[in-house]
Protein chains: 2
Amino acid sequence: MSPTAQRPDALHPGAGGRATARPTLEEVAALAGVGRGTVSRVINGSPRVSAKAREAVQNAIAELGYVPNRAARTLVTSRTDSIALVVPEAETRLFSEPYFSDIISGVSAELAETDMQLLLILVRNQRERDRLSAYLTAQRVDGVLVVSVHRDDPLPGLLESLEIPSVLAGRRGDLEPLSYVHADNAGGARMAVRHLLRRGCTQVATLTGPLDMEVAQARLGGYRRALEEAGHAYDEDLVGLADFTEEGGRVAMRELLDRRPELDGVFCASDVMAAGAMQVLRAAGRRIPDDVAVIGFDDSIVARHTDPPMTSVRQPIEEMGRTMARLLLDEIHERGRARRQVVLATELIVRDSA
Amino acid sequence: MSPTAQRPDALHPGAGGRATARPTLEEVAALAGVGRGTVSRVINGSPRVSAKAREAVQNAIAELGYVPNRAARTLVTSRTDSIALVVPEAETRLFSEPYFSDIISGVSAELAETDMQLLLILVRNQRERDRLSAYLTAQRVDGVLVVSVHRDDPLPGLLESLEIPSVLAGRRGDLEPLSYVHADNAGGARMAVRHLLRRGCTQVATLTGPLDMEVAQARLGGYRRALEEAGHAYDEDLVGLADFTEEGGRVAMRELLDRRPELDGVFCASDVMAAGAMQVLRAAGRRIPDDVAVIGFDDSIVARHTDPPMTSVRQPIEEMGRTMARLLLDEIHERGRARRQVVLATELIVRDSA
DNA sequence: CTACAGTGTGGGAGCGCTCCCACAGCTGGG
DNA sequence: CCCAGCTGTGGGAGCGCTCCCACACTGTAG
């Protein structure tokens, strides 16, 4: 314990040592020799302050290590300077896992510049859903991000009627009134199927997600469109209804093989479904990609580790998070601005499975 | 718009229709025919209230749909009723991804019973680290959870000196003064290596994580201990230093094969390293598990999808999150209670790679 | 009958801000 | 010369709570 030993104490340079009470606006004002109002104006960036006063205040703030008390500010402005990221828990498990952390990472990156706080709210049952309603009604956040939506999810409706600024990842349907950001699911699917056709597949099947989700619908739509553009008739027997999960992919793939043993390509609406499908195909003695080419969706971590490594459609998830945050901040600051929609491009990552 | 059309409006049953301003304590008091103090006592569960008054207040609260204003409460109590989950971003990428969501899921589950809010703070560079310091010093949270720690991470030291209740996932070293929760890394590693020995391996190598992390050290320690217990000398040539990543695993595995071509088992301190190692082994013409048996750590999603599916050590991550939250709440409510440590058991999930 | 604990209660003070009104000082036009 | 009209400024009021003091109103002991 030498006197020069550095201690992580660097935050009260002015104060004479131990952690005293936090300085208030009034103390800053006293030190700067101005009134409370002037200090407040400086902090909030008002132009109506003389250069001299502004400098005095800034020095005082630095000297005291002043940080505004958020609660006091919230009490009078009824802004909270915080937004909620709501995750319907059921979805988290379905989506490829990195999705979740990447969205958060993007949102957080965008928020880092502001002094907004990010509140995380997982909703896993009706009770928690009710709590969330009460929470939102009590105006405890300035805005809401929703990570994934089912067609019949009541949450977006609630947000709409409460008129809370909000942005969804994905949408409920074509005419989603709330702002949302999503990847070009249809385009990605179309790109994948075209890739299969180009490499010579003539019997291209698909494994879908749960069709009460717009993402699943959109990916199926892209599949269908690519086939039709290439002059193939849409054949329902080539469509395997599944649920984004590995086990669902296995089951649907088996049925598909029974119905259409001659199929030579499969576009899967998620990587884990594709992984399941690949297991089934291999068990059935099909070589990948020679007998059957397989493409997944998400470009998640499993895509790199299947055997062979999987060709997959990548969506810019972190960018989606960033965009969501940006839209939300806009909506919060310019109340009543029109809702906005953003579609981000997807990309085909070609590996060895197709 | 029929008059009976249901609107999601159920939260102001007493109010005569449109969203009016939120009711205050005072209005509740007026309606219940009591004073402000009595209402406050009822809300905060004080015993010094007559049954009659309590009932009147509860009715008034229900009728008005009253929800206390958090900011006002915070202003006077200087409790914030929120805790921060801090994620040093660099780590997130290293750890197998589900780790992150599972910890959050556990924490959130535990918090659901309380009215604590969960704040998420990602720290990815020095600037954000500074902001966090200011944030914590300004007492904007009642407690802090830290998701993963390096030996030289300054954050735990800061938390210690600010005396903020905090719980770490993992620890810096043997004598970690802060509360922490971690999996039995050493035990899991030992279990894995014993499994390899039991199946007949005689030359068991290991791939380590970065040794400035205690987890990596502990897993290496478990490896060493199992070998010594079985009467094998510790052989440095069988230890490949890596960094938890897939590429790191590949590089270290190649070196290991050069040094000790006769090795017949590898314990890897993470699944993704094991996946990288398996690629290298296969490329070198080794059959898994017949020529070389491989075990990973984390039992993450990749473990199920490698070829062959990987035997791996599972840690109870969600349970870790839950426990962290529980310890933190205790520490917040009983200020100055002794720091606590919790170690949770790991489990060997046997698949086909060993 | 007075004294005196012990309950339950009302309401003032005050947490640290922002908002806004009043006012001082300084132009410049009539 | 006065009176607008600008800046820039100080400080009162008040946001919605909790804390705590003072004050009934009981009941029991002296």
Side-chain angles (χ1 to χ4, degrees), chain A residues 20-58 60-61 64-82 115 117 134-135 137-140 142 333, chain B residues 20-58 60-61 64-82 115 117 134-135 137-140 142 333:
Chain A
T20 42
R22 295 174 49 192
T24 69
L25 241 207
E26 197 117 25
E27 297 172 47
V28 174
L31 181 60
V34 300
R36 254 175 24 251
T38 301
V39 177
S40 178
R41 270 172 289 240
V42 170
I43 290 172
N44 295 291
S46 157
R48 317 252 79 126
V49 181
S50 68
K52 197 174 121 223
R54 168 167 289 119
E55 204 196 310
V57 169
Q58 279 162 344
I61 288 176
L64 295 175
Y66 171 76
V67 181
N69 181 317
R70 233 190 172 86
R73 181 180 283 171
T74 296
L75 187 56
V76 35
T77 60
S78 64
R79 270 184 297 124
T80 62
D81 289 328
S82 59
D115 71 339
Q117 319 190 303
Y135 198 89
T137 314
Q139 300 179 38
R140 284 230 268 258
D142 295 344
H333 293 132
Chain B
T20 41
R22 294 174 51 192
T24 69
L25 241 207
E26 197 116 27
E27 297 171 49
V28 174
L31 181 58
V34 300
R36 253 176 25 252
T38 301
V39 177
S40 178
R41 268 170 288 230
V42 170
I43 289 171
N44 294 292
S46 157
R48 319 251 77 126
V49 181
S50 68
K52 197 173 121 225
R54 167 167 290 120
E55 205 197 308
V57 169
Q58 280 162 343
I61 288 177
L64 294 174
Y66 171 76
V67 182
N69 181 316
R70 234 191 173 84
R73 182 181 282 171
T74 296
L75 186 55
V76 35
T77 60
S78 64
R79 269 183 298 127
T80 62
D81 290 329
S82 58
D115 71 339
Q117 316 189 310
Y135 198 89
T137 314
Q139 299 178 40
R140 285 231 267 259
D142 294 344
H333 293 131

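Letters A, B, ... are given to chains in the order of the sequence lines, protein chains preceding strands, and every chain is numbered from 1.
- In this structure, CD on B/Q117 lies 4.0 Å from CZ on B/R70, to the nearest 0.5 angstrom.
- Atom pair A/N69:CG and D/dC15:P shows a separation of 18 Å (rounding to whole Å applied).
- The two residues A/P68 and A/I43 have their closest heavy-atom pair at CG-CG2, 4.3 Å.
- Atom pair A/R22:CZ and C/dC15:C1' shows a separation of 12 Å (rounding to whole Å applied).
- Separating the CZ atom of A/R140 from the P atom of D/dC17 is a distance of 11 Å, rounded to the nearest angstrom.
- B/P23 approaches B/L64 most closely through the heavy-atom pair CG-O, 3.6 Å.
- The CG-C1' distance, from A/L25 to D/dA13, rounds to 16 Å in whole Å.
- Heavy atoms only, all atoms of each residue included: A/V28 and A/V39 are closest at CG1-CG1, 3.8 Å.
- Under a 3.5 Å cut-off, the side chain of B/T77 and the backbone N or O of B/R73 do form a donor-acceptor pair.
- Counting atom types as modelled, A/R36 pairs a side-chain N or O with a base atom of D/dG12 as donor and acceptor under 3.5 Å.
- Here the shortest heavy-atom pairing between B/A53 and B/T38 reads CB-CG2, 4.1 Å.
- Heavy-atom distances under 4.0 Å link DNA chain D to A/G37, A/T38, A/R41, A/R48, A/V49, A/S50, A/A53 of residues 37-55 of chain A, given in residue order.
- Counting only distance, with no hydrogens or angles, the side chain of A/R22 and the backbone of B/A138 share a donor-acceptor pair below 3.5 Å.
- The OG1 atom of B/T74 sits 12.0 Å away from the CD atom of B/Q139 when rounded to the nearest 0.5 Å.
- For residues 70-79 of chain B, proximity to DNA chain C is found at B/L75, B/V76, defined as any non-hydrogen atom under 4.0 angstrom from a strand atom.
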